2 protein chains.
Amino acid sequence: MTREVKKTFDSGSGGGVPAPPPPAALAAKVRTLAPSMTRSMQRVAEAVAEDPAGCAALTVTGLAQLTGTSEATVVRTARLLGYPGYRDLRLALAGLAAQQQSGRAPAITTDIAVDDPIADVVAKLAYDEQQTLADTAAGLDTVQLAAAVSALAGARRTDVYGVGASGLVAQDLTQKLLRIGLLAHAHSDPHLAVTNAVQLRPGDVAIAVTHSGSTGDVIEPLRVAFERGATTVAVTGRPDGPVTQYADHVLTTSTARESELRPAAMSSRTGQLLVVDCLFVGVAQRTYESAAPSLAASYEALAHRHRVPRQSP
Amino acid sequence: MTREVKKTFDSGSGGGVPAPPPPAALAAKVRTLAPSMTRSMQRVAEAVAEDPAGCAALTVTGLAQLTGTSEATVVRTARLLGYPGYRDLRLALAGLAAQQQSGRAPAITTDIAVDDPIADVVAKLAYDEQQTLADTAAGLDTVQLAAAVSALAGARRTDVYGVGASGLVAQDLTQKLLRIGLLAHAHSDPHLAVTNAVQLRPGDVAIAVTHSGSTGDVIEPLRVAFERGATTVAVTGRPDGPVTQYADHVLTTSTARESELRPAAMSSRTGQLLVVDCLFVGVAQRTYESAAPSLAASYEALAHRHRVPRQSP
DNA sequence: ACCGGAACGAAAATATCTTTCACATCGTGA
DNA sequence: TCACGATGTGAAAGATATTTTCGTTCCGGT
C-alpha cells in the first residue's frame, strides 16, 4: 500500500512585547507647583514624589508625622496637586507605584542563569511557556487539525505513542479521550506499541508524539499503523523529521529556545499539550451528543463544593 | 514522632509571620478563591475583578450597594483575598487599574462554544493557558517555592503523589528530578503510595499534586509522610483545601475559568506544570555541581538535531 | 513696638472602615 | 417531614481615618 506523505511548513511568530507604560507626571507637577507651596507643603510634596509606594502605605497622620507637619497640611498639599483630598492622592500614589513596579522590565528575555533568584526563574519560565503557546497556536495548521479531529471523532479505536516526556503527553490525550467515551490507549513500551499497531485497520487512528520527530521507538509503531491503513497523526516539533513520513496529518509544535537549565523536554511539552487540548476540544465538539453527559459529570464532580472551615477573626 | 496539624485556612503564604500584601495578581486570586467564597462574596469579588478602576473609586458602602450586599461582606471579601481590610484592597485595586491602563492586549473572554470553528478553539485555548501561566506565576509564593526547592535539593528521597491528570504532573516532576540525579518516585496507586510513605523520615520530601485540594487518595499518603516527619509540599489550586493541613509548603496554582468544554483538569494542569518546572529549575540551580553533567548530557542528546532521517525497513 | 495677613497645627466634625451581633437560610440527619 | 445545628448575611454599633474649623504663631512692613 502506497500512501502519500504530507508536509507542513510554518514558522510561528508569537505575540508582541508590550510597550513600556507611560510614567505619571507627578514629579513634574510637584516641581511646577513647588514655588506656590509653603515650606511645609513642599516637604510633603517632596516625600510623595520621592517614594510614592511608601507614601501610599501611610495614612494622613502617618505622612504628617513623617514630614514633621500636620494632617491639615497634608490635605492642603493633596488639594494643591489637584486631588479632592488626601484619599484620592493616596489612590493615585498606589497606581503610580504599581506602574513603576511593572515598568521595571524584568530581564526575562535572557536565559535562565544558575544564580538567578527564584522569582526571576518563575517569571522567565512563565514567559517562555507563554511564548511557546503563542508560537504553537500561530503555527498550528488548522486544516490538519480539523482533519485529525475528524479522524478521531469517527475512529473505532485510537492508539497514542510517546516515550519519555512525550509519553506523558500521550497519556494526557488518552485520559481525555477516554473521558468522552472514545476508545484510546497510550503506549510507551515500543514493543507493545508495535504489537498493538498491527491490530489497527482503516478507520482507526494512530498518533505519535515526539518533539525531535526522530524517536525511533515512536516512529516504528506509527509506520506499522500507517501501513495497516490507519489514519496517522504526528505531533512534533520537527515537521521535516522522519516521523512525518508516515503521518497523514502533521501537527507542529513550536520549538522554543533551549539551554542547559531549560531542556527541550520542558518547553516542548507545553506546546504538545496545547495541541492535545485542541484535539480534545475539537473531538468533544464533534461528538457533543455523546460526550456531553460525561463532560457534565466530570464538571459536576469538581463543581461540587468541598467546604472547609472558615477562618476565625 | 508527632507533628501538629496546621489550621485549615491559609492565605497562601505560610508561616506565622504577617503575610505581605499580595501583588496585583488579583484576577487570579479571585478565581482561585472563588470556590471557597459565599455567594455574596463572589458577587463582590466578581465586581472587583471585572472593573478594578471603577471599584477603586468606591467606598465600602458604595461597593456594598453596587453589589447589593453589605459593608461587612465587602470587608470579609477583602480579607479573604489576603488584605488586612477594604482600605488595602482598594489601594491594590488602584494599582491594578493603573497597570491595566498602561496598555494590555485585548482579551478573548468568551467561553468555548460547541460550534466554535477550530481556529477559534485554538486561539481561545492558547489564550486561556497563557492566562493560567501568568496568573500562576503572579500568585506563586516565592518564599514557599524557595523552601520547597531547598527541601528537595537536600532530600534523601522524594515521593510525589498524584492521581488522574495530576498523576501525569507528578510523573513529569519525577522524570525531571531523576534526570538530575535525585531519587524520586511518582505514585498514583494510593495503597502503594501510603505503603511507601511509611518509609519516609525527616529529610525526605513528599509532594502532593491535586487541583481540588481534597483528593483523599493523595492526601492520605501526604498525611502519613507528614507524620513520619518528612517535609511535605502541596501543589494545589485550593490553598484552603484539606491537603494543606499536612503541607509544610503550599504552592498555589491558578484556577482558570472552567466550563463544560474546558474541564478543570485541563487548565489546572498548565499551572501545575509551571510549578513543577520552577521546582525543577530551582533544584537544578542548587545542585548545579552534580546536576550539570546530567543536564549537559541530555542537552547534547537533543542538540544533535539533524540526525539523518533514516528509513526503516 | 505694633499691625495685618499668611502659615500652621490641635482638635472638633465628618466620613469611612471594621466589628459585633442577631436573624435568615440552608443543608442534614432523625 | 420536621427540628436542629451550622453557616451566610446585613444593620448598626464601634473604631479609624480624613476633612474642616478655628485659634495661635510667625513673619515683614510701618
Side-chain angles (χ1 to χ4, degrees), chain A residues 30 33-48 54-94 300 303-313, chain B residues 7-9 11 18-19 21 30 33-48 54-94 214 238 240-242:
Chain A
V30 167
L33 296 173
S36 64
M37 285 184 190
T38 67
R39 262 188 308 282
S40 310
M41 286 167 101
Q42 282 180 12
R43 275 213 301 285
V44 175
E46 192 186 338
V48 156
C55 292
L58 265 49
T59 95
V60 229
T61 316
L63 186 53
Q65 285 184 350
L66 179 74
T67 57
T69 65
S70 68
E71 290 100 322
T73 302
V74 172
V75 174
R76 285 190 197 106
T77 309
R79 293 263 162 77
L80 197 72
L81 289 174
Y83 301 93
Y86 175 69
R87 210 186 303 273
D88 302 77
L89 169 63
R90 199 174 162 186
L91 236 50
L93 240 41
E300 268 306 302
H304 188 273
R305 299 176 152 201
H306 304 272
R307 271 312 164 83
V308 290
R310 255 172 44 72
Q311 77 194 103
S312 314
Chain B
K7 291 251 170 77
T8 328
F9 180 81
S11 73
V30 166
L33 295 174
S36 63
M37 285 183 188
T38 68
R39 257 192 311 282
S40 307
M41 285 165 103
Q42 281 181 8
R43 275 212 300 285
V44 176
E46 194 186 336
V48 155
C55 291
L58 266 48
T59 82
V60 233
T61 316
L63 186 53
Q65 285 183 350
L66 179 75
T67 57
T69 64
S70 68
E71 291 101 325
T73 302
V74 172
V75 174
R76 277 193 281 263
T77 309
R79 292 264 160 77
L80 195 71
L81 289 174
Y83 301 92
Y86 175 69
R87 213 183 299 274
D88 302 77
L89 168 63
R90 200 173 160 186
L91 234 51
L93 237 43
S214 52
R238 296 288 306 275
D240 58 346

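It should be emphasised that the depicted structure is a prediction, and the values quoted were computed from it without experimental measurement. Within every chain, numbering begins at 1; the chains are lettered A, B, ... in the order of the sequence lines, protein sequences first and strands thereafter.
- At a threshold of 4.5 Å between non-hydrogen side-chain atoms, the residues B:Val48 and B:Leu63 count as touching.
- In this entry the distance linking CG of B:Leu63 with C1' of D:dG10 reads 15 Å, nearest Å.
- Distance CE (B:Met41) to P (D:dT7): 14 Å, rounded to an integer number of Å.
- The side chain of A:Tyr86 sits closest to D:dT18 out of C:dC8, D:dT18, C:dT18.
- Residues A:Met37 and A:Leu81 are in side-chain contact: their nearest non-hydrogen atoms beyond the backbone lie under 4.5 Å apart.
- When rounded to the nearest whole Å, the span between CG of A:Leu91 and C1' of D:dA17 equals 14 Å.
- Remark: A:Ser40 is in phosphate contact with C:dC8, judged by side-chain N or O atoms under 4.0 Å from OP1 or OP2.
- Of all nucleotides listed (C:dC17, D:dA17, C:dT16), C:dT16 comes nearest to the side chain of A:Arg87.
- B:Ala64 and B:Ser70 make their closest contact through CB-C, 3.5 Å (heavy atoms, listed as atom of the first residue, atom of the second, distance).
- Defined by atom type and a distance below 3.5 Å, a donor-acceptor pair is missing between the side-chain atoms of B:Thr38 and B:Ser40.
- The CG atom of B:Leu80 sits 10.5 Å away from the CD atom of B:Gln42 when rounded to the nearest 0.5 Å.
- For the pair B:Thr61 and C:dC17, the criterion of a side-chain N or O lying under 4.0 Å from OP1 or OP2 is not met.
- The backbone N or O of B:Leu58 lies less than 3.5 Å from a partner atom in the side chain of B:Arg90, making a donor-acceptor pair.
- Whole-Å rounding puts the A:Leu80 CG to C:dC8 P distance at 12 Å.
- A:Arg39 has its CZ atom 17 Å from the P atom of D:dT25, to the nearest Å.
- Put simply, CG on B:Leu58 is 10 Å from P on C:dC17, counting in whole angstrom units.
- Of all heavy-atom pairs between B:Tyr86 and B:Val75, the closest is CB-CG2, 4.5 Å.
- Against DNA chain D, the stretch residues 66-79 of chain A makes heavy-atom approaches under 4.0 Å through A:Glu71, A:Ala72, A:Val75, A:Arg79.
- One interatomic measurement links the two molecules: CD of B:Gln42 to P of D:dG8, which rounds to 11 Å at whole-angstrom precision.
- Between A:Tyr83 atom OH and D:dT18 atom C1' there is a gap of 17 Å when expressed in whole angstrom units.
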